[in-house]
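Notes follow the structure.
Every chain is numbered from 1 and lettered A, B, ... according to where its sequence line falls, protein lines coming before strand lines.
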2 protein chains.
Amino acid sequence: MVFTKIHVLFDKYLMMLGEWKLKPKISDVAKKAGVSKTTVSRVLNNRGYISDKTKDLVYKAMEELHYVPNDLARSLYKKRSYIIGLIVPTTSNPFFGELTFHIENLCDELGYRVLLCNSSNRSDKEQKYWDMLLRNQVDGVIVITYNRGLINSDNKKNPVVAIDHYLSDTIPVIGSDNYEGGKQATELLVSKKCKQIIHIHGPDSLETPANLRKQAYVDVMNSYSRTPITYSVENVLDSNNHIKVISTLFDQHPDVDGIFASDDLLAAAVIVEAKKREISIPDQLKVIGYDGTETSKSLLPELSTIQQPIDQIAKVAIDSLLKMIENENHDLQLETWLPIKLIEGRTT
Amino acid sequence: MVFTKIHVLFDKYLMMLGEWKLKPKISDVAKKAGVSKTTVSRVLNNRGYISDKTKDLVYKAMEELHYVPNDLARSLYKKRSYIIGLIVPTTSNPFFGELTFHIENLCDELGYRVLLCNSSNRSDKEQKYWDMLLRNQVDGVIVITYNRGLINSDNKKNPVVAIDHYLSDTIPVIGSDNYEGGKQATELLVSKKCKQIIHIHGPDSLETPANLRKQAYVDVMNSYSRTPITYSVENVLDSNNHIKVISTLFDQHPDVDGIFASDDLLAAAVIVEAKKREISIPDQLKVIGYDGTETSKSLLPELSTIQQPIDQIAKVAIDSLLKMIENENHDLQLETWLPIKLIEGRTT
DNA sequence: CTGAAAGCGCTTACAG
DNA sequence: CTGAAAGCGCTTACAG
């Protein structure tokens with residue numbers, strides 16, 4: 001009798017759980033199954049020996065209560081959140097959008113979740129995001145953005161890997177083989193008999209390995225005893241800025257017949273401007289870009305470009321980060337440059 | 001003397017914190033500042049009265065220890081994580097990439113973080129992600145993917161909003177004015193004297209408001225006493241699938257002179273196939289897409305398309321979700337269709 | 001095979 | 001203006 005009464009009371013409590021949006025916790029499951037919290041936790045984590053009978057009881061109780069474990073509590077105890085932070089300039093850009101997709105997918109496979117941050121390349125936002133990620137106890141961070149100040153000696157302990165950006169001399173950097181890419185792009189234009197080859201690229205101020213694309217261009221030009229000419233776009237995320245620089249380029253060098261743009265969006269803007277000026281591509285002007293995302297292959301398939309192995313970059317970044325998280329970073333490569341692939345379209 | 005000794009010991013402990021990668025906690029700050037945990041917490045949260053002197057002591061201690069609050073612990077107590085989950089098919093697709101950017105940006109402004117999930121439109125992944133998000137105690141979820149089974153009666157309590165997909169009759173749906181978009185696209189082709197207008201769209205099986213684009217096409221065709229002809233691409237994320245369907249379309253309807261594609265990537269694939277078959281655009285064939293992302297405007301600026309107000313969609317989605325989270329969902333609209341904009345390029 | 005107790009790092013009534 | 005104590009929902013030695 002007394003037992004029944006308690007049972008009824010407990011069911012009432014459960015109804016309240018439902019109505020008040022209260023979530024059942026491990027002790028509710030324990031009560032319902034008639035075991036201790038410890039046992040429920042053991043069943044939950046498949047840890048230690050539990051009789052099949054008890055297991056079944058617990059499983060049934062969990063099901064009836066629609067129990068959902070609270071990972072926050074678990075993370076707090078374990079000092080491990082299985083969350084990684086990802087700071088990108090913006091997922092609006094197809095290169096970062098695809099990179100984000102691959103990174104998140106790999107994380108998911110490995111049991112990690114990702115907290116996404118779009119910094120818009122603004123260092124104030126990068127800093128705010130960085131602090132937020134630390135407060136949220138992320139296990140590690142992947143950074144695709146520039147902010148040398150971000151990592152100071154205080155937080156060198158946090159596992160971090162950077163993509164295409166030097167952050168400090170202890171943080172692994174992953175990227176495509178920028179030098180080789182820049183070389184192949186320039187060599188292609190030379191081989192196609194371009195007389196006046198110009199390179200357009202991102203901000204000079206950034207200390208990114210992507211500068212090697214420019215370096216390769218300069219070296220190749222010099223190797224043919226030609227004068228390198230480069231134009232810099234200060235804000236890569238602003239397409240109006242693209243147009244202005246490109247327009248200036250054409251005004252100052254009406255004889256240009258070969259352009260190597262450091263990314264595909266820039267190359268696309270070059271093509272637009274050329275069309276506006278009735279310069280025919282590839283007859284009068286040859287254009288090659290960099291990145292070769294799926295999106296640009298779909299939307300602008302005729303573009304010649306240097307394709308980055310985005311999936312491999314994501315893979316190496318995650319692998320390196322996990323090694324750091326697991327403290328197996330003894331044999332960690334500090335720089336990894338993945339092979340690029342020249343894609344010849346109809347713009348060269 | 002004794003005091004000094006304790007001081008020295010404490011400093012040693014702090015050194016260990018550094019070496020062992022242990023993070024200082026509130027009690028470390030309290031000890032260093034010579035106050036209680038309660039006081040430190042109050043300073044941290046600017047709550048209740050604290051003397052300026054104490055405040056300064058605490059701030060100094062926090063700084064010296066490089067103290068970082070643990071948001072996991074705070075969330076656990078507060079039963080509020082300030083994290084929202086975002087399930088998209090893939091950020092590789094420019095539409096979702098841009099939507100993700102805007103959603104994350106708005107969240108950041110409002111003090112929320114986002115846990116990103118790429119479902120690849122697979123319902124098994126959607127389900128897994130959904131469970132993961134609940135375990136991680138997200139305050140709400142934005143879903144851009146189809147899985148009616150996802151939301152069952154058990155978890156109707158969780159704040160959710162859907163973008164472009166009907167999940168249940170209690171979950172708000174946000175999207176562009178698909179019907180109006182489909183109508184304007186079709187009317188444009190009609191006004192341009194296309195004789196044979198065909199519509200290509202995503203999977204028929206999905207119960208998405210995007211089907212209204214097709215419905216509008218059908219209605220407009222009927223209003224001109226024409227026979228609607230539609231082709232369906234089963235997997236929108238697979239470009240090979242696009243090509244096959246489009247190729248069939250051209251084979252079966254060599255007389256086609258107007259195509260309304262339900263997204264820009266599909267439209268781009270149509271253009272590629274047309275070029276391959278030496279069909280000139282817009283003379284012999286007019287093409288219009290749907291989405292009008294920044295990326296497609298950059299890479300394929302000549303494409304005529306129906307532009308979705310991605311930023312507004314993100315805004316309404318977040319606003320609705322936050323209302324649900326704050327339990328102010330009394331006046332919540334269940335369906336919101338934001339105005340589209342016809343962009344006439346050079347493919348029509 | 002199972003449970004009582006302590007603790008993860010916070011916050012907040014409550015008391016003074 | 002400040003502190004001791006309880007509790008958020010878990011996990012894990014430890015003991016039996």
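Distance alone, capped at 3.5 Å, places no donor-acceptor pair between the Thr54(A) side chain and the Ile50(A) backbone.
The existence of a salt bridge linking Asp319(A) and Lys315(A) is confirmed by a sub-4.0 Å separation between a basic side-chain nitrogen and an acidic carboxylate oxygen. Between Asp71(B) and Lys78(B), none of the side-chain N atoms (NZ, or NE/NH1/NH2) sits under 4.0 Å from a carboxylate O, so this pair counts as no salt bridge.
Backbone-only contact: Thr54(A) has heavy atoms under 4.0 Å from sugar-phosphate atoms and none from a base.
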What's touching nucleotides 6-10 of chain D from the protein side, N or O pairs under 3.5 Å?
| from | atom 1 | to | atom 2 | distance (Å) |
| --- | --- | --- | --- | --- |
| dC8(D) | O3' | Lys79(B) | NZ | 2.9 |
| dG9(D) | OP1 | Lys79(B) | NZ | 2.2 |
| dG9(D) | OP2 | Lys25(A) | NZ | 2.9 |
| dG9(D) | N2 | Ala73(A) | O | 3.4 |
| dC10(D) | OP1 | Tyr67(A) | OH | 2.9 |
| dC10(D) | OP1 | Asn70(A) | N | 3.3 |
| dC10(D) | OP2 | Ile26(A) | N | 2.8 |
| dC10(D) | O5' | Tyr67(A) | OH | 3.3 |
| dC10(D) | N4 | Lys37(A) | NZ | 3.1 |

Check: protein-nucleotides 14-16 of chain C nitrogen or oxygen pairs below 3.5 Å:
none

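Remark: of the listed residues Glu326(B), Lys79(B), Arg80(B), Met324(B), Arg80(B) is the sole one forming a side-chain contact (heavy atoms from CB on, under 4.5 Å) with Asp139(B). Paired with Asp124(A) under the rule side chain to side chain donor-acceptor pair (under 3.5 Å), one option of Lys128(A), Gln127(A), Arg122(A) passes, and it is Arg122(A).
For the pair Val29(A) and Val40(A), the minimum side-chain heavy-atom distance is below 4.5 Å. Side-chain atoms of Ile103(B) and Ile142(B), non-hydrogen and from C-beta on, do get closer than 4.5 Å to each other.
Of the N and O atoms on the side chains of Ser41(A) and Thr38(A), not one donor lies less than 3.5 Å from an acceptor on the other residue. Between Ser81(A) and Gln137(A), the side chains place no donor N or O within less than 3.5 Å of an acceptor N or O (distance only, hydrogens not considered). In the model, Ser123(B) has no side-chain atom that pairs as donor or acceptor with a side-chain atom of Glu126(B) under 3.5 Å.
Enclosure of atom CD in Glu63(B) is not indicated, since only 12 or fewer non-hydrogen atoms of other residues, nucleotides or ligands lie within 6.0 angstrom.
The separation between Asn46(A) atom CG and dC1(C) atom P is 13 Å, rounded to whole Å. Spacing between atom NZ of Lys55(B) and atom P of dC1(D) amounts to 9 Å, rounded to whole angstrom units. In this structure, NZ of Lys53(A) is placed 13 Å from C1' of dT2(C), rounded to the nearest angstrom.
With hydrogens and angles left out, the side chain of Thr38(B) and the base of dA4(D) share a donor-acceptor pair within 3.5 Å.
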Each base of DNA chain D marked ( ) or [ ] if paired in-strand (Watson-Crick or G-U under 3.5 Å), | if paired to another strand and . if unpaired gives |||.||||||||.|||
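For dT2(D), the OP1/OP2 oxygens have no side-chain nitrogen or oxygen of Ser36(B) closer than 4.0 Å.
Taking only side-chain atoms of Arg47(A), from C-beta outward, the nucleotide of dC1(C), dG3(D), dT12(D) with the closest atom is dT12(D).
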